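First comes the structure, then the notes that go with it.
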Amino acid sequence: MKKIIIDCDPGHDDMMAIMVAAASGNTELLGITTVAGNQTGEKTFLNAQKILTLLNRKDIPLARGADKPLLRKLVTAPTVHGITGLDGAELPEPDILPCKDHAVELIADLIEKQAQPLTLIPTGPLTNIALLFLINPGIKKHIERIVLMGGGVYDSNITPAAEFNIYVDPEAAKIVFESGVPITMVGLDVTNKSLLSFEEIDKIEKKRGKVSGIVGPLLRYFAEANRKIFGIGGAPIHDALAVISVIEPSVIKTRKLNVEIETDGRLTRGRTVVDVYGVTGKEQNVDVAIEVDIKTFKEILFDTVKRLDVL
Ligand code: RIB
Ligand code: CA
């Protein structure tokens with residue numbers, strides 16, 4: 001049973017990542033922490049509380065993290081996720097009691113309580129993870145792997161050079177990518193293919209279950225935003241692929257490559273610079289996802305909604 005912690009910025013696709021982890025029979029979701037990204041720290045935290053309320057999962061510890069990047073001003077994504085960060089449907093008012101701890105404290109506590117190293121799945125800017133390593137560097141040896149949604153080999157979104165999670169806090173990403181902890185980078189090259197079409201979203205909504213009835217309209221909102229901005233023909237469930245690749249590793253194929261984070265570039269801030277041909281001769285520090293098994297991805301996603309409708 002894989003033990004995981006998700007650090008996220010819900011966010012429509014973060015919501016799907018949480019749902020996949022909560023419904024999975026072969027991972028134990030030890031805790032969830034939130035970070036500012038898709039929306040402000042206050043809104044992403046509230047959204048996480050609402051998602052856990054919808055799922056009736058008061059058992060999963062939840063703590064709020066950083067409200068801004070390490071050095072830079074916060075950049076949010078209201079054109080993609082809306083003013084609430086989860087526009088498209090009304091989620092239940094939260095009845096989750098959050099942890100009094102900061103996200104970094106909760107992550108450290110959960111890791112230190114485990115007999116075995118665990119997997120960290122960041123699906124937002126990496127501010128909390130960088131803070132954890134700065135404050136408690138010894139914690140790294142208790143982390144088996146970081147499987148993060150972020151970056152891209154050739155693909156980008158927030159700028160022509162960068163992916164949103166890395167762009168928002170490039171200094172934090174640099175700390176994490178240079179941490180020495182094994183990293184799997186699940187970037188846009190594979191997550192933009194992990195798409196639910198408008199017809200598939202309609203199919204989910206037509207189930208009219210307690211979860212599917214809300215997930216449908218939310219994903220349609222997200223799909224419309226992606227169509228308008230990026231011309232993508234559906235909802236790319238970026239963050240869910242990071243979780244699914246932990247549950248079912250065969251869903252992605254990876255290559256060990258050197259990846260560095262651009263923190264100085266005027267046009268290239270937040271670029272994941274991936275040495276595809278090994279020309280730098282530098283350490284291949286990251287397992288980079290280069291292919292995705294869409295069929296299995298969708299099967300797990302649809303099974304998740306089906307299971308949550310009846311749980
Ligand atoms: O670039 C996509 C990523 O940025 C996803 O994690 C999305 O939720 C946003 O955080
Ligand atoms: Ca996210």
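Source: prediction; values computed, not measured. Computed over heavy atoms, backbone and side chain alike; hydrogens, waters and symmetry mates excluded. Counting starts at 1 for both ligands and their atoms, following the listed order.
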- [ ] Say whether, by atom type as modelled, one donor and one acceptor occur between the side chain of D189 and the main chain of I290 under 3.5 angstrom.
- [x] no

For ligand 1, list every N/O pair with the protein closer than 3.5 Å, one pair per line with the distance.
unit_1	atom_1	unit_2	atom_2	d
ligand 1	1 (O)	N157	ND2	2.8
ligand 1	1 (O)	E163	OE2	2.5
ligand 1	4 (O)	N165	OD1	3.2
ligand 1	6 (O)	T123	O	2.9
ligand 1	6 (O)	N165	ND2	3.0
ligand 1	6 (O)	D239	OD1	2.6
ligand 1	6 (O)	D239	OD2	3.1
ligand 1	8 (O)	D13	OD1	2.7
ligand 1	8 (O)	D13	OD2	3.1
ligand 1	8 (O)	D14	OD1	2.9
ligand 1	8 (O)	N38	ND2	3.0
ligand 1	8 (O)	D239	OD2	3.1
ligand 1	10 (O)	D9	OD1	3.2
ligand 1	10 (O)	D9	OD2	3.0
ligand 1	10 (O)	N38	OD1	3.4
ligand 1	10 (O)	N38	ND2	3.4
ligand 1	10 (O)	N165	OD1	2.8

- [ ] Report the residues that fulfil ring pair (Phe, Tyr, Trp, His ring centres under 6.0 Å) with F45, sequence neighbours left out, ordered by chain and then residue number.
- [x] none

Open item on the list: Strictly below 4.0 Å, N to O, side chains only: are K295 and E299 in salt-bridge contact?
Closed with: yes

Task: Plane angle bin for F222 and H238 - parallel if under 30°, tilted between 30 and 60°, otherwise perpendicular - done: perpendicular

TODO: May I ask you to list the protein N, O or S atoms found at less than 3.0 Å from the Ca ion (ligand 2)?
DONE: D9 OD1, D14 OD1, D14 OD2, T123 O, D239 OD2

- [ ] Could you tell me whether the side chain of D239 reaches within less than 4.5 Å of the side chain of C8, counting heavy atoms only?
- [x] no

- [ ] Kindly confirm or rule out a cation-pi arrangement of R269 over Y167, judged by NZ or CZ under 6.0 Å from the six-membered ring centre and within 45° of its axis?
- [x] yes

Open item on the list: Can you pull out every salt bridge (Lys or Arg N to Asp or Glu O under 4.0 Å) where at least one residue sits in residues 21-37? Sequence neighbours excluded, please.
Closed with: K3-E28

TODO: Would you indicate whether K256, at its atom NZ, is surrounded by more than 12 heavy atoms from other residues, nucleotides or ligands within a distance under 6.0 Å?
DONE: yes

TODO: Output yes when a side-chain donor or acceptor of T263 lies under 3.5 Å from a complementary backbone atom of E171, and no otherwise.
DONE: no

